[in-house]
Amino acid sequence: MNLTSPLAQDEGASEGEPLASADALQSGSLPKIVGPHRKTICSLFSKSKTTRMEQDGGKHQNGWIHSCSQRSVEEHLQETTIGDGGTHLVEFSNAMRAVEKALRQVAASKGRAQDEAAEWKRKYEMERLRAASLEQEQQVLEQELEQCRSPPDPWTSDEPLELEKADTENGERSPVGSANGWFPLHVNSDCCKREGICSQQLLRSHSSSSGNISLLSEVQPVAEKASFRLVWGCAGKVSPRHKHDVVSFECGNISTASRSSKQITLVWDSPPQTVLIISKPNSPTCTALCKEMIRWLREEKGVGVYLEPPMKKEILAEDYFNCVKSCETEEEVLQLHTKVDLVITLGGDGTVLWAASMFKGPVPPVVSFSMGSLGFMTPFQSDRYKECLQTLIKGPVYITLRHRLHCQILRNPDKVKEGEDPCESEVHLVLNEVAIHRGMSSNLSNLECYCDGNFVTSVQGDGLILSTPSGSTAYSLAAGGSMVHPQVPGILFTPICPHSLSFRPLILPEYVTIRVQVPHESRGQAWVSFDGKDREQLSGGDALICRMAAWPVPAACEQESTTDFLRSVREGLHWNLRKRQLSDGPIST
Ligand SMILES: NC(=O)c1ccc[n+]([C@@H]2O[C@H](COP(=O)([O-])OP(=O)(O)OC[C@H]3O[C@@H](n4cnc5c(N)ncnc54)[C@H](O)[C@@H]3O)[C@@H](O)[C@H]2O)c1
Ligand SMILES: Nc1ncnc2c1ncn2[C@@H]1O[C@H](COP(=O)(O)OP(=O)(O)OP(=O)(O)O)[C@@H](O)[C@H]1O
């Protein structure tokens with residue numbers, strides 16, 4: 001009689017597959033086998049060992065040298081002739097079941113061990129790749145820091161300059177600024193080691209310059225500048241989570257790591273010592289307030305004052321104001337940002353635009369007192385100036401970073417021969433908008449527009465406005481553009497009276513470069529205005545190149561960015577003002 005092995009019905013183990021080690025059996029990791037068949041089973045494992053070693057020539061993988069296979073058990077059972085001993089048969093059968101169970105367990109453990117090994121290998125590979133990418137990032141960071149020490153010209157470089165850098169190794173932020181006299185030196189040594197943009201790291205001036213943009217020749221510390229930090233937070237709370245990355249990838253999931261709408265707070269490390277007051281000309285009320293403010297700032301706060309030459313001349317009749325400084329030459333105006341801690345404007349929005357236009361590079365924080373009719377960008381009340389300035393000088397101050405557009409005219413760039421540079425006009429940094437329009441011409445203007453080299457459209461109408469979000473409530477609004485919160489990064493593309501039924505305004509992302517070109521075959525010429533001023537003519541073939549500038553205007557908020565914006569929209573523009581419907585009358589069903 002032949003005995004059928006229970007292993008023949010085993011679903012999990014395939015034929016001939018090694019299931020267990022005989023050593024494991026002998027070392028007691030298999031269940032103890034008792035009874036007359038103990039010897040037989042042990043000899044079975046021994047036999048298997050010998051057979052396997054003969055078959056493999058002693059070359060076994062993963063340490064599974066002493067193996068027992070399903071086939072060898074079956075073979076043995078077939079060879080075994082069963083006598084009359086029914087009890088022995090039952091015992092033998094039970095023993096074989098126990099062996100089968102043990103063999104299955106060992107097979108399962110082997111599978112688990114292999115899975116675990118594969119998982120560890122995967123983790124190791126991921127860790128190795130992460131370390132390699134960190135090393136690469138570190139190299140890029142070092143290169144960028146090196147570049148900042150000998151910075152590119154921001155007006156000729158295609159890359160927008162960054163105002164801040166990614167987190168350093170210890171989780172601190174290392175700010176990077178450059179051009180026009182601002183260089184981060186010893187980025188970590190002078191740093192306050194706290195989160196945010198730190199002026200101590202940023203501020204270094206140099207003595208010599210060439211033309212509009214100065215090159216670093218001699219570096220000196222700026223002793224007279226007050227130092228401050230800009231920190232990211234939300235609703236008044238400093239956010240420890242601010243990261244430079246916008247998108248993070250974790251376990252294959254994409255999430256936004258930071259939002260652009262964070263409220264920025266300015267924290268003075270040392271109190272401001274010098275302010276520049278810019279006042280609307282020919283306004284007796286502005287002049288009177290300017291004089292009062294100078295007295296208060298000097299006597300109560302010990303703060304020095306700079307004025308524009310016309311205003312200084314106007315008040316010099318009184319000896320008291322001899323102490324007021326002024327920026328007489330163009331060179332001095334270019335260096336103003338290294339001397340003043342705060343800019344105060346007295347007037348309307350036009351005065352804020354004027355103040356911004358004085359700074360061709362970095363702009364100190366601007367505090368605007370309302371002395372005009374609308375005051376969209378002038379949130380502070382002039383009759384409460386002492387209280388306001390007291391709070392601002394003490395800090396912290398909420399800041400709206402009002403972005404500017406970097407605009408330049410290229411004269412007939414298509415006609416320029418290879419290797420020659422096209423003739424470029426002066427750079428204009430606009431806070432509101434650049435408008436390309438028909439000017440005095442009675443002809444329809446015709447403008448071809450490209451965005452990062454892609455053809456956008458041909459404007460046929462009175463012209464086109466390229467506006468900042470801050471300018472969205474000015475000319476662009478009048479031309480049908482949308483109102484945009486000043487912290488939304490973008491460039492508004494708004495046609496002026498287009499002769500088309502389907503030309504709607506667009507908002508483009510802040511990183512694009514826009515080119516507006518007058519076609520050679522255009523009937524008339526076009527004109528360009530920068531914040532409503534400095535008109536220049538465009539002839540056929542001339543182009544205007546426009547992109548986001550590296551230097552925003554940090555405007556102090558009266559409350560905070562969004563509250564101030566919505567209040568200006570409601571109170572300044574009377575947006576959606578309508579008498580409330582009465583509750584009496586028919587009730588709709
Ligand atoms: N059709 C129009 O609405 C139109 C036409 C030309 C110029 N402008 C705007 O005038 C600006 C120049 O201002 P200005 O004071 O030197 O000239 P301005 O004296 O002619 O005043 C223009 C008006 O626009 C308001 N204004 C300016 N900037 C604003 C802003 N960002 N948000 C809301 N209102 C704003 C001013 O308060 C002022 O009432 C230009 O940048 C342009 O935006 C508007
Ligand atoms: N310091 C300055 N020097 C020369 N021009 C200035 C100066 N400040 C303002 N301006 C110009 O004066 C004009 C009027 O200024 P502003 O808009 O501030 O006053 P406003 O018209 O009374 O105010 P609002 O626009 O709120 O009615 C603007 O065109 C502006 O460019």
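As the structure lists them, so they are numbered: ligands from 1, and atoms in each ligand from 1. Residue numbers count from 1 along this sequence. Values reported hereafter were calculated over all heavy atoms of this structure, with side chains retained and with hydrogens, waters and symmetry mates removed.
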| message | For Val434 and His428: C-alpha separation, side-chain torsions, deciding distance, then whether side-chain contact (heavy atoms from CB on, under 4.5 Å) applies. | response | CA-CA 9 Å; Val434 54; His428 293 264; over 6 Å; no
| atom 38 (C) of ligand 1: any protein heavy atom closer than 4.0 Å | no
| task | Check whether any protein heavy atom sits under 4.0 Å from atom 9 (C) of ligand 2. | result | yes
| task | Determine, counting only non-hydrogen atoms of the protein, whether one lies under 4.0 angstrom from atom 20 (O) of ligand 1. | result | no
| field | Parallel, tilted or perpendicular: ring planes of Tyr385 versus Trp296, cut at 30 and 60 degrees | value | perpendicular
| What part of Thr351, side chain, backbone, both or neither, has a heavy atom within less than 4.0 angstrom of ligand 2? | both
| If you measure from each heavy atom of Gly348 to ligand 1, is any distance below 4.0 Å? | no
| For ligand 1, is any non-hydrogen atom under 4.0 Å from Ser476's backbone (N, CA, C, O), its side chain (CB onward), both, or neither? | neither
| query | Between Thr345 and Ser368, do the side chains contain an N or O donor and an N or O acceptor separated by less than 3.5 Å? | reply | yes
| Does the protein put any heavy atom within less than 4.0 Å of atom 30 (C) of ligand 2? | yes
| said: To the nearest 0.5 Å, what is the distance between OG1 on Thr400 and CD on Glu560? | reply: 8.0 Å
| task | Using a strict 4.0 Å cut-off to heavy atoms of Gly347, name the atoms of ligand 2 that fall inside it. | result | 18 (O)
| message | Does any N or O of ligand 2 fall below 3.5 Å from an N or O anywhere on Gly372, backbone included? | response | no
| message | Please report the interatomic distance OH(Tyr320) to NZ(Lys291), rounded to the nearest 0.5 Å. | response | 12.5 Å
| What residue and heavy atom of the protein are closest to atom 15 (O) of ligand 1, and at what distance? | Gly350 CA, 3.2 Å
| field | Under 4.0 Å to a heavy atom of Ser279 - the qualifying atoms of ligand 2, by number | value | 1 (N), 2 (C)
| request: Test side-chain contact (heavy atoms from CB on, under 4.5 Å) on Arg402 and Thr468 and set out the steps. | output: CA-CA 8 Å; Arg402 292 190 179 274; Thr468 63; over 6 Å; no
| Nearest protein heavy-atom contact for atom 3 (O) of ligand 1: which residue, which atom, what distance? | Ala478 CB, 3.3 Å
| Close-contact set for ligand 1 against Met377 heavy atoms, below 4.0 Å | 31 (N)
| note | Scanning both residues in full, the closest heavy-atom pair of Gly572 with Leu374 reads O-CD1, 3.1 Å
| message | Please work out, at 4.0 Å between heavy atoms, whether the side chain, the backbone, both, or neither of Ala355 comes within that distance of ligand 2. | response | neither
| ligand 1 N/O within reach of Asp349 N/O, cut-off under 3.5 Å | yes
| Has His499 got more than 12 heavy atoms of other residues, nucleotides or ligands less than 6.0 Å from its NE2? | no
| query | Nearest heavy atom to atom 16 (P) of ligand 2: which of Ser283, Pro310, Gly350 does it belong to? | reply | Gly350
| task | Looking only at non-hydrogen atoms, find the nearest pair between Phe530 and Glu536 and report the distance. | result | CE1-OE2, 4.1 Å
| query | Hey, does Met371 sit under 4.0 Å from ligand 2 if you only count heavy atoms? | reply | no
| query | Hey, is atom 21 (O) of ligand 2 under 4.0 Å from any protein heavy atom? | reply | no
| said: Looking at Arg535, I'd like to know if its CZ atom is crowded, meaning that more than 12 non-hydrogen atoms belonging to other residues, nucleotides or ligands lie closer than 6.0 Å. | reply: yes
| said: Less than 3.5 Å apart, any donor N or O on the side chain of Thr494 or Ser476 sitting next to an acceptor on the other? | reply: yes
| note | protein heavy-atom neighbour closest to atom 24 (O) of ligand 1 works out as Leu374 CD2, 4.9 Å
| query | Which bit of Met311 is near ligand 2, meaning a heavy atom under 4.0 Å away: side chain, backbone, both or neither? | reply | neither
| field | Electrostatic pair Lys386:Glu300 at N-O distance under 4.0 angstrom | value | no
| Counting heavy atoms only, which part of Glu308 comes closer than 4.0 Å to ligand 2: side chain, backbone, both or neither? | side chain
| request: Working to the nearest 0.5 Å, report the span between CG of Leu342 and CH2 of Trp268. | output: 5.0 Å
| Backbone or side chain, does any N or O of Ile278 fall under 3.5 Å from an N or O of ligand 2? | no
| said: Return the closest protein heavy atom for atom 10 (O) of ligand 1 as residue, atom name and distance. | reply: Asn432 ND2, 5.0 Å
| request: Return the residue, atom name and 0.1 Å-rounded distance of the protein heavy atom closest to atom 40 (C) of ligand 1. | output: Glu433 OE2, 3.3 Å
| message | How long is the straight-line distance from CD1 of Ile436 back to CG of Leu538, given to the nearest 0.5 Å? | response | 7.5 Å
| message | I'd like to check which ligand 2 atoms, numbered from 1 as shown, lie under 4.0 Å from a non-hydrogen atom of Ser373. | response | 23 (O), 24 (P), 26 (O), 27 (O)
| For atom 2 (C) of ligand 1, what's the nearest protein heavy atom and its distance? | Tyr475 CD1, 3.6 Å
| Is Leu374 in polar range of ligand 2, meaning some N or O pair under 3.5 Å apart? | yes
| task | Nearest 0.5 Å please: distance from the SG atom of Cys407 over to the CG atom of Leu544. | result | 5.5 Å
| task | Among all protein heavy atoms, pick the one closest to atom 25 (O) of ligand 2 and tell me residue, atom and distance. | result | Asp349 N, 4.2 Å
| note | Closest to atom 32 (N) of ligand 1 (heavy atoms only, candidates Thr473, Leu353, Thr378) is Thr473
| note | Correct closest heavy-atom pair for Asp542 and Gln537 would be OD2-O, 4.4 Å
| In terms of atom number and element, which parts of ligand 2 are under 4.0 angstrom from non-hydrogen atoms of Gly375? | 26 (O)
| task | Verify the contact flag for atom 28 (N) of ligand 1, where contact means a protein heavy atom under 4.0 Å away. | result | yes
| query | How close does the nearest protein non-hydrogen atom get to atom 3 (N) of ligand 2, and which residue and atom is it? | reply | Trp354 CE2, 3.1 Å
| field | Minimal non-hydrogen separation, Gly361 against Trp551, with atom names | value | O-CB, 3.1 Å
| said: Please give me the minimum heavy-atom distance between Ser279 and Thr287, naming the atom from each residue. | reply: OG-N, 4.2 Å
| query | Where is the nearest protein heavy atom to atom 19 (O) of ligand 2: which residue, which atom, and how far? | reply | Lys280 CD, 3.2 Å
| request: Answer yes or no: does atom NZ of Lys325 have more than 12 heavy-atom neighbours from other residues, nucleotides or ligands under 6.0 Å? | output: no
| remark: Closest non-hydrogen contact found for Glu332 with Ser326 is OE1-O, 4.0 Å
| field | Nearest non-hydrogen protein atom, atom 16 (O) of ligand 1 | value | Lys533 NZ, 3.5 Å
| remark: atom 6 (C) of ligand 2 sits nearest the protein heavy atom Pro281 CD, 3.5 Å
